[in-house]
Amino acid sequence: MDEPQPAGEAILDALYGHILHGEAEAAVERLRAGLAAGLAPATLLFEAMIPALEEVGSRFESGEYFLPEMLIAARAMRSSMEIVRPLMADGGGAAAGTVVLGTVAGDIHDIGKDMVGIMLEGAGFRVVDLGVNVLPARFVEAVREHDPVVVGLSAFLTTTMPQVGRTIDALVEAGVRQRIRVIVGGAPVNETFADEVGADGYAPDASAAVRVTRELAARARAA
Ligand code: B1M
């Protein structure tokens, strides 16, 4: 006979399954049940929601999932993130400085970028989120408008990675590059790529993004 699972683990398993299968309403219901049972928002996010999307990616890669499955899983993730976001982003304002954040041109993935935004807000940064498919000129405009300490660029496709370099080039050409620090991230991006395109920092995930952004902001203040 199977061992009975502790309530928290059963909730995490169910939430994982609902996101994996794109069952948005059931996912939200399980998420609420998890919170009511005392599970931390970060536990629900990092131990159920994100692993589920990782599995979606693996199934897409192996041909078991197609675009519709990926879309409905993303929709279930989004609905769940709407609940988690206010619980995690309670850093209380702009004390740490402003970060302009966006997914580069040609790329419409935003779940990972949004998570970085949530964590940065939670760490006390004011986040100006430009959304997805952001043209280099829009980043330049946002730097002029919001005077950020750090600009964060996300790219999730190998085909959109070159847009990271183009965006940094546009910041240089517009004469605003020296006022800001640039951090880059997204699944196909790595440290070597970040160095090649002239970024100041790279982070593999949202919590590392907070650490690196803090370091970059501290360096900017000391300069
Ligand atoms: Co897309 N997609 N997708 N997709 N999708 C990937 C990225 C892919 C890896 C799937 C796969 O094949 N395994 C693959 C890219 C392959 C590649 O180029 N290397 C892929 C593909 C091919 C595509 C299409 C081309 C499919 C098609 O049309 N044939 C298409 C492209 C559309 C476009 O952008 N032009 C496409 C479309 C979509 C959907 C619309 C269906 C949907 C997006 C929904 C949305 O975002 N609103 C989708 C999804 C859901 C995925 C997967 C399954 C999940 C992405 C995700 O949200 N992951 C993804 C596979 C995967 O990632 N396993 C995949 C969870 C998220 C928490 O992780 O995004 O890595 P991640 O973010 C992390 C880090 O990267 C980091 O922190 C985040 C949190 O920890 N990070 C930063 C992110 N930004 C950062 C910025 C920083 C620092 C760290 O500093 C500023």
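Below, each value reflects all heavy atoms present in this structure, side chains not excepted, and no hydrogens, waters or symmetry copies. Counting starts at 1 for both ligands and their atoms, in listed order.
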Any idea which protein heavy atom is nearest [atom], and the distance to it?
atom: atom 46 (O) of ligand 1; result: D110 N, 2.8 Å
atom: atom 69 (O) of ligand 1; result: F156 CE2, 3.2 Å
atom: atom 80 (O) of ligand 1; result: A206 N, 3.2 Å
atom: atom 89 (C) of ligand 1; result: A203 O, 3.2 Å
atom: atom 86 (C) of ligand 1; result: S154 OG, 3.2 Å
atom: atom 34 (O) of ligand 1; result: I108 N, 2.7 Å
atom: atom 72 (O) of ligand 1; result: G112 CA, 3.2 Å
atom: atom 70 (O) of ligand 1; result: A187 CB, 3.8 Å

Would you mind finding which of [options] brings a heavy atom closest to [atom]?
atom: atom 82 (C) of ligand 1; options: V99, V100, V116, T160; result: V116
atom: atom 52 (C) of ligand 1; options: R75, M70, M115, M161; result: M70
atom: atom 76 (C) of ligand 1; options: G106, A155, P204; result: P204
atom: atom 36 (C) of ligand 1; options: M119, K113, H109, R78; result: H109
atom: atom 31 (C) of ligand 1; options: V184, L157, I72; result: L157
atom: atom 54 (C) of ligand 1; options: I118, L53, L67; result: L53

D200/R219 ion pair, N-O < 4.0 Å: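 The answer is no: the pair does not qualify as a salt bridge.
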Identify, by atom number and element, the atoms of ligand 1 in contact range of [X], meaning under 4.0 Å from any of its heavy atoms.
X: D107; value: 34 (O)
X: L153; value: 91 (C)
X: F60; value: 10 (C), 11 (C), 12 (O), 26 (C)

Short N or O distance, G152 and ligand 1, threshold 3.5 Å exclusive: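 No.
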A209, any N or O under 3.5 Å of ligand 1 N or O: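 Not met; the criterion fails.
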Within-shell test, S58 vs ligand 1, heavy atom, strictly < 4.0 Å: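 No heavy atom of S58 comes that close to ligand 1.
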